[in-house]
Amino acid sequence: MEYNFADIEQRAKDKWTAEQVYKAHNPTGNEPAKPKCYILDMFPYPSGAGLHVGHPLGYIASDIYARYKRLNGYNVLHPMGFDAFGLPAEQYALETGQHPVETTRKNTARYREQLDNIGFCFDWSREVRTSDPKYYKWTQWIFLQLFHSWFDRSRNKVRPIAELISIFEQEGNIKNACPGDENIVFDAAAWNNYTEQQKRDCLMQYRMAYQGYAQVWWCEALGTVLANDEVVNGVSERGNHPVERKNMRQWFLRITEYAERLLSSLDNLEWSEAMKEMQRNWIGKSIGAEVKFKCLTPALSKGEGGGESSITVFTTRPDTIFGVDFMVLAPEHELVDAITTAEQKTAIEEYKTYVKSRSERERMSEVKQITGCFTGAYAAHPFTGQPIPVWIAEYVLAGYGTGAIMAVPSGDDRDFAFAKHFGIPITNIFGDKYTGDKAYSDKAGTIENSDFVSGKSIAEAAALVIEALAADGRGKKKVNYKLRDAGFSRQRYWGEPFPIVYVNDIPYGIDEEPVKDTNLNSLPVELPYVEGYKPGPEGQGPLANVNEWMNTPVGQRETNTMPGYAGSSWYFLRYMDPNNDTAFADRKATDYWNQVDLYIGGTEHAVGHLLYSRMWTKALYDLNHISFDEPFKRLLNQGMIQGVSYYIGSGEWDNEIAIINENRPPSELVKFDVVCSFYHRNERTAAKPQGKLFHAGETGLVSYGPNIRLKYGHNFVDTKDRLTKEKYRQYLTSQGYADDSIIDKLTKVLWENQLSENGEQYIQCKMEVEKMSKSKYNVVNPDDIVAQYGADTFRMYEMFLGPIDVSKPWDTKGIEGVHRFLKKMWRLYFGDGGWIVTDDAPTDEEYRSLHKTIKKIGDDIERFSFNTSVSQFMICVNELSALGCHKRAILEPLAVVICPFAPHIAEELWRHFGHNGSVVDASFPKYEDRYVTDNTKKYPVAVNGKTRIELEFALDADAADIEKAVLAEEVVQKWMEGRPLKKFIYVRGKMINVVA
RNA sequence: GCCCGGAUGGCGGAAUCGGUAGACGCGCCAGACUCAAAAUCUGGUAUUCGCAAGGAUGUGCAGGUUCGAUUCCUGUUCCGGGCACCA
């Protein structure tokens with residue numbers, strides 16, 4: 001009886017669906033108490049390209065873990081859903097004229113089909129989609145909670161804004177400094193005299209969800225704001241139009257208030273150190289000082305305010321203050337215009353224009369080219385009073401620290417390079433340590449040439465400087481975080497609308513006066529269905545075009561929408577109670593399922609999604625909506641599955657210039673045709689003049705590199721990466737080139753001189769590992785693999801490829817081995833005539849094979865080493881086959897052990913063993929110690945570290961006896977070469993080393 | 001540029017706590033079965049010297065610690081991910 005995976009898998013799937021075996025139950029109280037286990041995958045964004053074999057990697061891992069936990073008696077929650085709002089769907093809508101609702105529906109259906117094909121144990125009855133109004137109703141609700149709350153620094157938690165208002169009414173903000181603007185200070189009387197507008201403005205500076213200003217990429221030609229992704233080489237990806245940074249009013253989440261808690265509670269999470277480190281670096285806590293430098297600019301001292309103006313800098317090295325030779329402001333710094341002298345005005349304006357065209361990334365990465373501009377202004381050194389020149393430069397970012405730095409060129413590499421470049425004299429404050437060739441940035445030694453801190457260590461000097469500055473209010477100790485508040489507005493259509501209405505230009509939540517009593521007050525605020533998604537006027541989102549939606553009798557609705565991470569910041573809570581219409585989830589459900597026990601996803605979410613989710617969880621915890629303040633107890637990062645691309649080497653097209661034009665006579669431009677279809681948008685091979693990307697049909701000049709991409713080459717090359725003439729013909733046909741003359745033209749340069757062993761002409765292709773993506777023509781669809789080999793083979797092969805957390809290339813060729821293994825396993829159970837399992841008593845050897853496997857699989861699953869599990873199954877089946885074992889006592893437990901990996905075949909075998917229920921509900925077998933421990937060990941015996949012989953001893957043998965036996969050995973004597981024994985090393989169960 | 005990873009045969013990888021480097025699989029080579037092919041099975045397969053026995057070398061590169069290093073430390077090269085509006 002053959003291993004007919006198609007039948008087997010269909011039967012298993014039908015059973016699972018019919019009996020709803022994967023439905024997870026929230027406990028009702030009178031059920032037997034099972035420990036819970038919440039296993040979650042990062043839900044996918046349903047793109048139009050469908051799933052490729054890389055996507056399910058993490059899902060298979062979580063599926064194995066979920067099934068294993070269930071076999072071990074846990075109540076398992078393992079849900080799946082879709083992150084369905086986002087930019088790509090809108091982009092696609094703009095290009096094709098299909099509504100995002102439609103494309104999203106189609107794409108999710110396709111994803112669902114592909115996922116179902118693989119046999120996951122997801123409880124689909126709990127599916128969530130972030131773009132479903134029933135879901136985003138609660139995204140909006142949580143936004144309102146954040147809008148209506150503030151962070152109480154003294155209690156280190158978020159509280160309702162109503163409580164802040166009563167504090168203001170009684171004592172002003174004396175005890176609660178304003179996080180949005182430290183200069184806002186008022187007492188109760190002042191507060192009570194504020195107008196409504198003034199009160200709302202003030203509260204906005206406290207809210208966890210607030211409005212402020214942020215720089216965005218503005219594209220005049222497209223009339224829209226662009227994502228970083230849509231800006232390539234300084235121009236818009238669509239149409240190559242110029243772009244610039246523009247300040248716009250935006251919503252933000254005040255995540256910075258949580259910086260310290262986000263940092264400190266990392267210690268309790270079972271995440272990889274690397275992942276925690278990335279979050280720590282992102283939060284970027286640094287301890288230093290804030291120092292005020294008085295401005296010496298005449299223009300300012302004459303200013304109308306009359307008060308002294310000063311530049312505040314943040315520095316992590318207050319000890320180096322006597323080495324300050326110049327100061328640098330971010331070009332966007334608010335003081336720049338005020339302090340710039342008349343002579344420098346033009347130069348400064350020019351420089352600011354240049355900086356507007358630069359991304360933050362470019363500004364931070366640039367080290368070779370040093371740019372900056374002198375403002376003409378000077379500031380006074382806080383101790384010496386010496387004038388210090390004030391510059392602006394792109395390497396200082398407005399968003400970090402105070403947007404201004406004190407530059408110490410003798411102690412900082414970048415300051416040093418800047419000073420050298422602009423010829424600014426450098427003061428040495430490190431004595432002999434500073435040579436003048438480069439900055440001395442080591443944090444060791446003493447500070448010199450520095451007045452009252454000369455001769456002091458760095459720590460002592462820093463403390464003394466801060467003390468001296470603090471004495472008269474010119475500075476103070478300061479903790480700074482790199483973390484910035486999260487921009488929460490998008491000028492887009494396909495996202496959650498804000499539950500905000502502007503009344504007299506003041507934003508109100510729809511649940512508060514004066515909106516509360518109108519018909520606008522109910523959630524969700526539904527996204528209106530519109531035909532077009534063109535940008536609104538003046539950089540507003542498309543919703544600004546929908547007048548009947550935007551304009552209400554009470555006021556105007558907010559026309560921005562929420563960003564992609566809004567819905568994904570809390571979805572793990574919704575799975576616990578997905579259909580609840582009166583709360584985001586019932587408290588009983590969230591108390592029960594609690595934290596996610598295991599969360600699996602890619603490292604690309606290290607600082608975005610994972611940080612925002614943690615913040616939302618903390619806010620909901622502080623406001624007493626849930627009972628835990630960290631969402632993901634344990635995190636596992638899966639690596640990427642990369643694609644394998646094949647290239648045909650060719651000298652002929654090297655550096656050739658051709659004109660792209662589809663209407664040219666075919667006879668002359670055959671080469672170009674072929675090249676173009678191979679090369680389409682492939683930056684590796686078609687150099688893009690002037691940074692341009694070519695789309696089919698565009699016209700321009702292209703020079704070709706020496707490699708041609710063989711699209712989907714894995715379908716054509718043989719095991720030695722060779723492309724035979726026949727396969728090449730097939731390839732051209734698949735690309736729409738049926739004309740043999742093309743082949744002849746290409747033949748001259750492409751074919752190898754020698755024929756293959758089979759006497760065929762061939763091209764030796766070059767294999768390369770790249771990202772698996774549609775644009776690289778190397779994607780492999782899991783559906784094809786499942787159709788050819790079955791889901792069980794696919795699942796096991798994905799795991800067999802390598803460790804879950806590292807990137808590795810997909811190679812379809814290797815799948816045969818796993819498929820052969822399953823067929824071989826099948827033959828333990830079935831002979832030519834059918835079921836051959838007997839009730840014979842197993843031998844000791846058979847028991848050992850089984851029990852070692854049970855132990856290894858359990859251990860491996862617990863440490864997520866799934867690739868070695870697959871190896872162990874192979875070893876076990878090889879052993880049992882060699883022993884001719886067809887015994888129930890061995891094979892029935894084996895079927896259960898393999899169930900997490902290959903659930904379909906396990907279900908089929910379970911049925912043949914006569915069980916009515918599903919194997920999913922079986923129990924994972926327990927191993928017996930006596931079958932997994934050995935009594936003797938073959939020790940490798942080394943002489944001076946080199947293994948020379950293997951000797952077997954009992955594990956409980958006496959050390960002295962072993963030494964005697966080893967030294968008596970002829971081979972050992974030979975390698976000791978007559979030298980006396982210096983040391984005898986014996987590690988029980990490991991090895992023996994004789995040192996002579 | 002900064003932060004975080006990774007590098008082991010022709011290929012994917014194993015070696016779980018510093019203790020026999022290359023498990024398992026692919027590919028390749030040889031053989032069995034077959035009219036033939038497929039499927040299946042058996043044996044071999046890091047490099048190198050040697051008929052063999054056996055020896056030498058070998059985990060990106062250069063050092064270090066150790067009786068012993070793929071594993072720990074220092075430096076370095078290359079590759080991948082992230083860098084705040086892709087998700």
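Convention: sequence-line order gives letters A, B, ...; per-chain numbering from 1.
- For the pairing with A/Y612, the ring-ring contact (aromatic ring centres under 6.0 Å, His included) check across A/Y565, A/Y258, A/W570 returns one residue only, A/Y565.
- Within 4.0 Å (heavy atoms only), A/N637 reaches no atom of the nucleic acid at all.
- For the pair A/E230 and A/R492, the salt-bridge criterion is met [side-chain N within less than 4.0 Å of a carboxylate O].
- You'll find a donor-acceptor pair under 3.5 Å spanning the side chain of A/N993 and the base of B/rC67, going by distance alone.
- At most 12 heavy atoms of other shown residues, nucleotides or ligands fall within 6.0 angstrom of atom OH in A/Y92.
- For A/K856 against B/rU16, a side-chain N or O and a base N or O form a donor-acceptor pair under 3.5 Å.
- If you check every strand for non-hydrogen atoms under 4.0 Å, A/P563 touches nothing.
- Note on A/L483: a base of the nucleic acid sits closer than 4.0 angstrom, heavy atoms only.
- Using a 4.0 Å heavy-atom criterion, one finds that A/W975 contacts the sugar-phosphate atoms exclusively.
- Ring to ring, A/Y571 and A/F43 are close: their centroids are under 6.0 angstrom apart.
- Among the protein residues, A/P803 comes within range of the sugar-phosphate backbone only, with heavy atoms under 4.0 Å from sugar or phosphate atoms but none that close to a base.
- Counting any heavy atom pair closer than 4.0 Å across all strands shown, A/A274 reaches sugar-phosphate atoms only and no base atom.
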